[in-house]
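Quick notes on the structure that follows.
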Amino acid sequence: MLEFFLPVIQKALYSAGVTTDKPIRLEQPSDKKFGDFSTNIALLAAKECRRNPRELAQEIIPHLAFPPDTVARIDVAGAGFINFYLTPLFIMHSVEQVLQDGDKYGKDSIGKGQKAIVEYVSANPTGPLTIGRGRGGVLGDCIANLFETQGYEVTREYYFNDAGRQMQILGESVQLRYLECCGKETEFPTTHYQGEYIREIAEKIYSLHGTTVEKSNDLNLFKKIAEEIIFTSIRKTLERLSIHHDSFFNEHTLYTPDTQGVAANQRVIDKLRKKEFITEYDGAVWFLTTKLGQEKDKVLIKSSGEPSYRLPDIAYHITKFERGYDIIVNVFGADHIDEYPDVLEALKILGYDTDRIKIAINQFVTTTVDGQTLKMSTRKGNADLLDDLIDDVGADATRLFFIMRGKDSHLNFDIELAKKQSKENPVFYLQYAHARICSLLRMAQQETGFNPSDSAADYQLLRLLNSPEEVQLGFALLDYPDMIKTSLRMLEPQKMVEYLHSLAELFHRFYQECPILKAEPDICKARLFLSLATRQVLRNGFRILGVSAPESM
RNA sequence: GUGCCCGUAGCUCAAUGGAUAGAGCAUCAGCCUUCUAAGCUGAGGGUUACUGGUUCGAGUCCAGUCGGGCGCACCA
């Protein structure tokens, strides 16, 4: 609808002689009595013109040239809002577009020719995925889906590191547990991974090799096997949630020299040094963030000679620019919040356009059972495992619950609620609407021979519909394309969940108030088309969210 | 101590600086001889944590206070 209104308003402002540098915004009033759409442009422009906003609005209105039979009424209300009321005919006519476009409805090509990279999950293979990671995973996946609907060429990337200190500890942990399997007495440090999965890996090694590697000091053996097993399990877990990555970027490639014999990490140091942002003391190499007003400098290369995580992080982001991505999205949890400002600063210093980088940070997840909050404790062995959650509530509920709250809110995952097969559970409310339509269409085919695929010529029957329930439902369907754009702009799939919920509600109301199969033939058909269009939008929306669309329940 | 996020109905959460702050659940009252009642209709429920400020207009922006979460490593 943006495409419909904005040009007309723009022209009207011009011909009414109103100039303003404020962007025109189209909003949907919370109350329908203020119209289907509304703009506050007169309020904004009034100040610059030094005019009374209501008078200004009155002057703009005669210049608004909408096509005939589209906008029924234009009012000035409140402090100077211009409110638009669409005709039912226009609304129902537009529903035809939904049916014509089908799976493509809501898609756009504004991103055509642009490359976007969305990085998410990015957990190192030191243990199974936790519930907290799951939220970021689903969030990232949905964001990638949103970009795809707008025609962007999207890469879903997983950044990981199988070297470094954490992996070292992993190897040691497995080795110690293995020695226990061999009957040796060991002391297991509290700094090491306590989880049961370590024991399982050790037992596997024991069953493969027996005691033959007992004397081995080759930590790599344990590390490699552990990494392999853990990574496989991570990917399996992600697979259960339909999360796929196109690209797995190993941090280690940033350490190895390129064709000119220089490692990416080293290049970063060299370039930053040229910009005079590098210094050395205490045996380490520092990024001079104090020059940028920060309290402390940040270590880029430790006194041991190894880079700290920050250096490869910068180098990694440079590769995103070098690989030609126009939009770079990073999804990560609140625990990484302090990480990105340094990376951005470094990129800015090196001349990269950091406006292309968008950060989506999701807050943490707490789970509640019977109203009791289970505190997540990291890597203590009792961490909440994503797999257990999926076992418990299923993939659809897992995905939907993760994104049905804003990413900034601390998510409270009510496990009992997610398991409930009743209307309290939003997953079922949404899916039920879809299943109900499917059932209706099956019945229609049986009783009246209605066939959705060969009745396109009759789409115009939709224009017969004009009851409030029908028009409101139709209106909501038209809103879908704008909703995708809003969701994408805000990197917030939750908007889509909310929209689909209200769509389901409008359908149930329509279904309740308007008899379909019992109506006279033309009306019956028209209402079936409206139902069909609703099902289409639900499906398209579910696809973005990665939730299944059951045909019956 | 400090950086970021949050504080809105009994509970879980919405509200691109806009109009009388909205949904769902829970509670109460209605609706199935009728296409899936896993549904619909209606009612009650609020000093948007607090105090100031910015402006035509603040839940939203700014400052401060209080409360909760997550970080603050030469770990990632």
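Since the model is a prediction, treat every value here as computed from it, not as a measurement. Lettering of chains follows the sequences in order, A, B, ..., and the numbering in each one begins at 1.
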query = D282(A) has a side chain; which of rU16(B), rA19(B), rC74(B) sits nearest to it?
reply = rC74(B)

ask   = How would you label the contact of R310(A) with the nucleic acid (heavy atoms, under 4.0 Å): base, sugar-phosphate, or nothing?
value = nothing

message = Please determine whether any donor N or O and acceptor N or O are separated by less than 3.5 Å between the side chain of H410(A) and the base of rC70(B).
response = no

message = Using the C1' atom as the point on both nucleotides, what is the distance between rA21(B) and rG59(B), in whole Å?
response = 7 Å

ask   = Who is the Watson-Crick or G-U wobble partner of rG71(B), with both distances under 3.5 Å?
value = rU2(B)

remark   = Partner of rG39(B) under the Watson-Crick or G-U wobble criteria, both distances under 3.5 Å, comes out as rC31(B)

query = With a non-hydrogen cut-off below 4.0 angstrom, is S38(A) in contact with a base, only sugar-phosphate, or nothing?
reply = base

query = Hey, is the side chain of N40(A) pairing donor to acceptor with the base of rG18(B) inside 3.5 Å?
reply = yes

task = Rounded to the nearest angstrom, tell me the gap between atom CG in D338(A) and atom C1' in rC75(B).
result = 14 Å

request  = Report yes or no: is the cationic atom of K32(A) (NZ for Lys, CZ for Arg) under 6.0 Å from the centre of the six-membered ring of F475(A), at an angle within 45° of the ring normal?
outcome  = yes

ask   = Name the one of F5(A), F81(A), F84(A) that satisfies ring pair (Phe, Tyr, Trp, His ring centres under 6.0 Å) with F37(A)?
value = F5(A)

ask   = Does OP1 or OP2 of rA76(B) have a side-chain N or O of K302(A) closer than 4.0 Å?
value = yes

task = Just name whichever nucleotide pairs with rG7(B), Watson-Crick or G-U, keeping both distances under 3.5 Å, else none.
result = rC66(B)

ask   = With both distances under 3.5 angstrom, what nucleotide forms a Watson-Crick or G-U wobble pair with rA26(B)?
value = none

Face-to-face stacking of F81(A) with rA19(B), centres under 5.5 angstrom, angle under 30° = yes

request  = Kindly point out which of rC5(B), rA19(B), rC70(B) is positioned nearest to the side chain of D408(A)?
outcome  = rC5(B)

Aromatic ring proximity Y316(A)/Y309(A), centre distance under 6.0 Å = no

task = Show your reasoning for whether side chain to side chain contact (heavy atoms under 4.5 Å, CB included) applies to T130(A) and D384(A).
result = CA-CA 6 Å; T130(A) 58; D384(A) 289 338; 5.8 Å; no

query = So what does T126(A) touch, heavy atoms closer than 4.0 Å: a base, only the sugar-phosphate, or nothing?
reply = nothing

ask   = If you check every side-chain atom of F34(A), which of rA19(B), rA14(B), rU34(B) has the closest atom?
value = rA19(B)

ask   = For the pair made of CD in Q168(A) and P in rA76(B), what is the distance, rounded to whole Å?
value = 12 Å

Test item: H410(A) side-chain N/O and Q363(A) main-chain N/O as donor-acceptor pair under 3.5 Å = no

remark   = Considering only heavy side-chain atoms of A334(A), the closest of rC70(B), rU16(B), rA19(B) is rC70(B)

request  = Write down the distance between CD (Q494(A)) and P (rA15(B)), rounded to a whole number of angstrom.
outcome  = 6 Å

message = If the test is side-chain contact (heavy atoms from CB on, under 4.5 Å), which one of L254(A), D313(A), L311(A), I278(A) qualifies with V268(A)?
response = L311(A)

key: Rounded distance (Å) that lies between atom C1' of rG69(B) and atom CD1 of I337(A)   = 12 Å

message = Suppose we define a pair by two distances each less than 3.5 Å, Watson-Crick or G-U wobble; what does rU48(B) pair with here?
response = none

ask   = How long is the line joining CE of M404(A) and C1' of rG24(B), in whole Å?
value = 9 Å

ask   = F510(A) has an atom CZ; how far is it from atom P of rC35(B), in whole Å?
value = 15 Å

inquiry  = Checking one value: the base orientation of rC5(B), syn if chi is within 90 degrees of 0, otherwise anti.
reply    = anti

key: Results of salt bridge (charged side-chain N to carboxylate O under 4.0 Å, His left out) for E492(A) - residues two or more places apart only   = K407(A)

task = Identify whether any heavy atom of Y429(A) sits under 4.0 Å from a base atom; if not, whether one sits that close to sugar-phosphate; answer base, sugar-phosphate or nothing.
result = sugar-phosphate

inquiry  = Does I169(A) reach a base, just sugar-phosphate, or nothing at all? Heavy atoms under 4.0 Å.
reply    = nothing

request  = Kindly say if S409(A) contacts the phosphate of rA14(B), meaning a side-chain N or O under 4.0 Å from OP1 or OP2.
outcome  = yes

key: Donor-acceptor pair (no angle test) under 3.5 Å: N83(A) side chain, rA19(B) base   = yes

message = For a quick test of reading the model: is some side-chain N or O of R509(A) closer than 4.0 Å to OP1 or OP2 of rU41(B)?
response = yes

remark   = When rounded to whole Å, the CD1 to P distance for the pair I269(A) and rC74(B) reads 15 Å

key: Minimum-distance nucleotide (side-chain atoms of F428(A) versus rA38(B), rG18(B), rC74(B))   = rA38(B)

ask   = Which of these nucleotides, rA76(B), rG18(B), rG69(B), is closest to any side-chain atom of N124(A)?
value = rA76(B)

ask   = Out of rC35(B), rC70(B), rC40(B), which has the shortest distance to the side chain of Q512(A)?
value = rC40(B)

ask   = Looking for any heavy atom pair under 4.0 Å, which part of the strands does L506(A) touch: base, sugar-phosphate only, or nothing?
value = nothing

query = Is any side-chain N or O of K495(A) closer than 4.0 Å to OP1 or OP2 of rA15(B)?
reply = yes

task = Would you mind classifying the nucleic acid contact of E251(A) as base, sugar-phosphate or nothing, using non-hydrogen atoms under 4.0 angstrom?
result = sugar-phosphate

message = Would E172(A) and L219(A) count as a side chain to side chain contact (heavy atoms under 4.5 Å, CB included) here? Give the steps.
response = CA-CA 7 Å; E172(A) 287 170 14; L219(A) 206 54; 3.8 Å; yes

message = Just to be sure I understand the rule, does K407(A) reach a base, reach only the sugar-phosphate, or reach nothing, if contact means heavy atoms closer than 4.0 Å?
response = nothing

task = Sticking with atom C1', work out how far rA29(B) lies from rU33(B), rounded to a whole angstrom.
result = 24 Å

task = Pick base, sugar-phosphate or nothing for G406(A), based on heavy-atom distances below 4.0 Å to the nucleic acid.
result = sugar-phosphate

ask   = Separation of I41(A) atom CD1 from rU16(B) atom P, in whole Å?
value = 19 Å

message = Please classify the nucleic acid contact of D31(A) as base, sugar-phosphate, or nothing, using heavy-atom distances under 4.0 Å.
response = nothing

key: G-U wobble or Watson-Crick pairing nucleotide for rG18(B) (cut-off 3.5 Å, both distances)   = rC56(B)

task = Please work out if S439(A) contacts a base, only the sugar-phosphate, or nothing of the nucleic acid, heavy-atom cut-off 4.0 Å.
result = base

request  = Have a look at E295(A) and say if it touches a base, only the backbone sugar-phosphate, or nothing, with a 4.0 Å heavy-atom cut-off.
outcome  = nothing

inquiry  = Using a 4.0 Å heavy-atom cut-off, does M553(A) contact any base of the nucleic acid, only the sugar-phosphate backbone, or nothing at all?
reply    = base

remark   = Among the nucleotides rG18(B), rC31(B), rA76(B), whichever has the atom closest to the side chain of L44(A) is rG18(B)

query = Base, sugar-phosphate alone, or nothing: which one does A444(A) contact when heavy atoms must sit under 4.0 Å apart?
reply = nothing

request  = From the options rU16(B), rG39(B), rC35(B), select the nucleotide whose nearest atom is closest to the side chain of R436(A).
outcome  = rG39(B)

query = Out of rA76(B), rG18(B), rA37(B), which has the shortest distance to the side chain of Y511(A)?
reply = rA37(B)

request  = Examine the base of rC75(B) for any acceptor or donor lying under 3.5 Å from a partner atom in the side chain of Q166(A), and report the outcome as yes or no.
outcome  = yes

query = Are Y511(A) and H508(A) close enough that their ring centers fall under 6.0 Å?
reply = no

